[in-house]
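Naming convention: chains lettered A, B, ... in sequence-line order (proteins, then strands); numbering from 1 in each chain.
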Amino acid sequence: MPKTLFEKIWESHLVAEEKDGRSLLYVDRHLVHEVTSPQAFDGLRINLRKVRRPDLTFATMDHNVPTSDRSLPIVDQISAKQIQVLERNCKEFGIMLFDIHSPNQGIVHVIGPELGITLPGNTIVCGDSHTSTHGAFGALAFGIGTSDVEHVLATQCIWMDMPKTFEIKVDGKRKNPHAITAKDIILSIIREIGTAGGVGTVMEYRGEAITDLTMEQRMTICNMSIEAGARAGLIAPDEKTFQYLKGRRYIPKNYDELVDFWRENLKTDVGAHFEKSFTLNVNSIAPQVSWGTNPAMTTDVTGTVPFPEEYAKGNPDEEKAAIKALQYMDLKPGTPMTDITLDRVFIGSCTNSRLEDLTEASRVIKGKKVSPKVRAMIVPGSQLVKRQAEEIGLDKIFKEANFEWRESGCSMCLGMNPDILARGERCASTSNRNFEGRQGAGGRTHLVSPIMAAAAAIEGHFVDVRELDVI
Amino acid sequence: MKGSVIKYERDNIDTDVILPGPYLKIHDYNELAKHAMEGLDINFHSKVKEGDFIVAGRNFGCGSSREHAPIALAYSGIKAVLALSFARIFYRNAVDGAFLLPIEIDENAYKEISEGDVLEIETSKNEIKNLTKDTIYKMKPFPELIGKIIAAGGLFNYKP
């Protein structure tokens with residue numbers, strides 16, 4: 001019987017399966033960070049358990065680390081403590097840690113792929129919802145909570161009910177791939193299927209517009225699968241995938257043999273059945289800007305802030321939600337999106353902080369200055385991204401334009417370190433969530449692509465990047 | 001299990017409002033509880049009582065994988081969240097540590113239950129009694145794995 005890629009990976013990792021569908025899955029890679037792991041390690045200690053496979057477990061610190069000068073001590077004592085606790089735990093349990101001074105430190109979902117820890121066909125878990133990012137490599141990757149982190153540390157396995165399959169077909173060809181980015185594709189998908197559209201499913205992205213994408217762009221797509229509620233996002237690996245990983249630090253010695261196996265096996269068979277399907281055509285999509293307080297509340301940059309009744313299409317709950325969102329965002333229906341002015345711009349996060357994101361942003365920044373009304377920062381996803389960007393002179397372009405050029409980490413995506421919005425501040429952000437208070441209590445977030453964020457920083461308001469000469 | 005209702009007529013109550021990011025550095029569960037729901041309802045901490053239930057709309061707990069979210073609610077005294085639907089990581093986190101029961105209810109129950117109503121939940125019968133309104137609602141039965149983890153009293157007591 002023809003099978004989907006998800007079903008193949010799932011079945012090849014089953015350790016046990018009950019008749020009612022409860023399944024125990026083997027975990028190939030476990031990524032750990034400072035925020036969701038302390039209680040898990042405490043649990044191991046209390047129960048006198050060891051880490052089952054320290055060799056398959058990798059840790060870094062990304063959520064609360066400051067992005068300022070790392071030669072200075074961490075001012076926030078509670079953050080400093082959380083970081084020390086991870087260092088102590090990794091030492092005690094024999095886990096590889098990329099600490100704050102490591103040349104490999106970075107956002108866990110940026111460093112996994114760039115170090116070759118993420119491999120096609122793997123099962124990958126991490127105590128972070130954006131673990132779905134690794135699906136870009138044809139890996140089945142789930143975000144989990146701290147109890148499951150402890151369970152995986154102790155057993156290298158996880159109990160799950162089998163998710164359903166959801167095909168996301170992305171057809172067509174983007175007219176201008178600099179202006180219409182992977183971020184615009186995934187925001188368009190979430191806008192259509194909603195924040196709960198993928199609940200209980202693994203979404204496999206397929207079609208010409210997906211194979212067209214680079215690996216970094218595919219990561220942006222899979223990263224935001226969780227914003228549609230999906231358990232995971234998945235893209236079948238191809239030559240781009242194998243080329244991207246080749247020569248990376250932690251790939252297995254028999255990499256070439258594995259590639260032969262992956263090429264043959266890691267794809268959805270012709271005629272395989274998906275339980276749900278959705279199709280997006282990218283031919284006519286515009287750059288996207290979110291206007292509300294969840295990622296589905298998004299519209300075209302050429303559009304206007306919607307009237308709640310128009311957005312709700314007859315659903316009273318949606319209408320109420322839109323009214324509340326517009327109050328929080330301090331926006332009036334009918335306002336052109338390009339009239340929205342900004343106080344802050346953030347380019348970073350596990351969604352959009354990789355070298356291509358920064359290179360794309362630099363196209364509109366080069367030779368320009370950030371609007372005097374805007375404070376703008378760029379936070380590379382990892383120390384490697386930072387070094388690579390500096391090698392090709394991107395840091396100079398950014399600094400000359402008055403962008404702050406920071407150290408790597410999650411930063412203003414979730415407001416756990418000093419990089420936060422003040423109450424009432426409005427931010428164009430390349431991150432993944434525009435929830436109330438996400439970037440700081442009372443802060444207002446508009447989700448956009450890196451090039452849209454960069455253009456907004458220069459102009460002080462949103463602009464349709466398709467109209468810019470450099471694009 | 002008997003308790004009174006705190007109701008939020010809202011979909012997509014995300015983990016960032018259930019427990020805002022800056023508090024993820026706190027390890028003491030009772031301290032976490034002081035900031036539960038702070039992003040949505042600044043009065044939550046003063047009004048919540050031991051044994052209360054939250055009633056909410058669709059996709060409760062969407063967003064981050066932070067187990068701190070159900071922990072903060074549980075240590076505030078919340079014994080169950082009754083919602084039209086749940087985001088899956090929150091749903092699992094709620095039962096893994098036996099923090100609280102995530103119960104899916106239907107539109108009718110969601111509309112009828114009011115703030116302050118006293119409910120009695122009988123999971124063995126998949127029933128919710130509204131003692132204030134003298135009505136009985138059906139709850140959606142737990143999926144196999146979730147039901148068995150709940151019955152065992154958490155993930156680490158669960159044996160297949």
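- Of all non-hydrogen atoms in Leu155(B) and Trp159(A), the two that sit nearest each other are CD1-CD1, 4.4 Å.
- Contacts of Glu38(B) with chain A are absent, with no heavy-atom separation under 4.5 Å from either backbone or side chain.
- Shortest non-hydrogen contact noted between His27(B) and Pro38(A) is CE1-CB, 3.3 Å.
- The side-chain heavy atoms of Glu18(A) and Glu144(B), taken from C-beta on, include no pair separated by under 4.5 Å.
- Highest contact tally toward chain B, considering only Glu150(A), Lys320(A), Gln439(A), Glu34(A), is held by Glu150(A) [criterion: heavy-atom pairs under 4.5 Å].
- Of the residues considered (Ile420(A), Val199(A), Asn432(A)), Val199(A) shows the highest number of contacts with chain B, using heavy-atom pairs under 4.5 Å.
- Distance check: Leu24(B) CG to Asn64(A) CG gives 9.5 Å after rounding to the nearest 0.5 Å.
- Atoms OG1 and CZ, from Thr15(B) and Arg438(A) in turn, are 7.0 Å apart once rounded to the nearest 0.5 Å.
- A pairwise comparison of heavy atoms in Asp96(B) and Ser147(A) identifies CB-CB, 3.5 Å as the closest pair.
- At most 12 heavy atoms of other shown residues, nucleotides or ligands fall within 6.0 angstrom of atom CG in Asp134(B).
- Ring-plane geometry between Phe156(B) and His151(A) is classed as tilted, the angle between the planes lying from 30 to 60 degrees on a 0 to 90 degree scale.
- No donor-acceptor pair under 3.5 Å is formed between the side chain of Lys25(B) and the backbone N or O of Gln82(A).
- Residues Pro143(B) and Asp161(A) share a closest heavy-atom pair of CB-OD2, 3.8 Å.
- Within 6.0 Å of CZ in Arg88(A) there are more than 12 heavy atoms belonging to other residues, nucleotides or ligands.
- Once rounded to the nearest 0.5 Å, the distance linking CG of Asp14(B) with OG1 of Thr195(A) reads 10.0 Å.
- The candidate from Leu24(A), Leu414(A), Val35(A), Thr293(A) with the greatest count of non-hydrogen atom pairs under 4.5 Å with chain B is Val35(A).
- In this structure, no portion of Lys81(A) lies under 4.5 Å from any heavy atom of chain B.
- Other residues, nucleotides and ligands contribute more than 12 heavy atoms inside 6.0 Å of the NZ atom of Lys133(B).
- With rounding to the nearest 0.5 Å, the separation of CG in Leu40(B) from CD in Glu436(A) is 7.0 Å.
- Looking at Asp20(A), the atoms closer than 4.5 Å to chain B (heavy atoms on both sides) sit in the backbone and in the side chain alike.
- Heavy atoms closer than 4.5 Å to chain B are found in both the backbone and the side chain of Ala196(A).
- Along residues 57-84 of chain B, the residues that come nearer than 4.5 angstrom to chain A, judged on non-hydrogen atoms, are Arg58(B), Asn59(B), Cys62(B), Gly63(B), Ser64(B), Ser65(B), Arg66(B), Glu67(B), His68(B) in order of number.
- Surrounding NZ of Lys138(B) are more than 12 heavy atoms belonging to other residues, nucleotides or ligands, all under 6.0 Å away.
- Atoms CZ and CG, on Arg433(A) and Asp16(B) in that order, are 6.5 Å from each other to the nearest 0.5 Å.
- Only the side chain of Tyr158(B) comes within contact range of chain A, with at least one heavy atom under 4.5 Å from a heavy atom of that chain.
- Within 6.0 Å of the NZ atom in Lys140(B), the count of heavy atoms belonging to other residues, nucleotides or ligands does not exceed 12.
- Here the CG atom belonging to Asn93(B) is positioned 7.0 Å from the OG1 atom belonging to Thr146(A), to the nearest 0.5 angstrom.
- The shortest side-chain heavy-atom distance between Asp317(A) and Arg10(B) does not fall under the 4.5 Å cut-off.
- Considering only heavy atoms from C-beta on, Tyr29(B) comes within 4.5 Å of Gln39(A) through its side chain.
- Across His63(A), Lys324(A), Glu318(A), the residue that shares the most heavy-atom pairs under 4.5 angstrom with chain B is Lys324(A).
- Interface residue Asp148(A): backbone and side-chain heavy atoms are both found under 4.5 Å from chain B.
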Steps toward side-chain contact (heavy atoms from CB on, under 4.5 Å) verdict (Phe142(A), Arg88(B)): CA-CA 11 Å; Phe142(A) 304 111; Arg88(B) 286 350 250 185; over 6 Å; no
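- Neither the backbone nor the side chain of Pro20(B) has a heavy atom closer than 4.5 Å to any heavy atom of chain A.
- Val17(B) has its side chain out of reach of Phe435(A): every pair of non-hydrogen atoms, C-beta onward, lies at least 4.5 Å apart.
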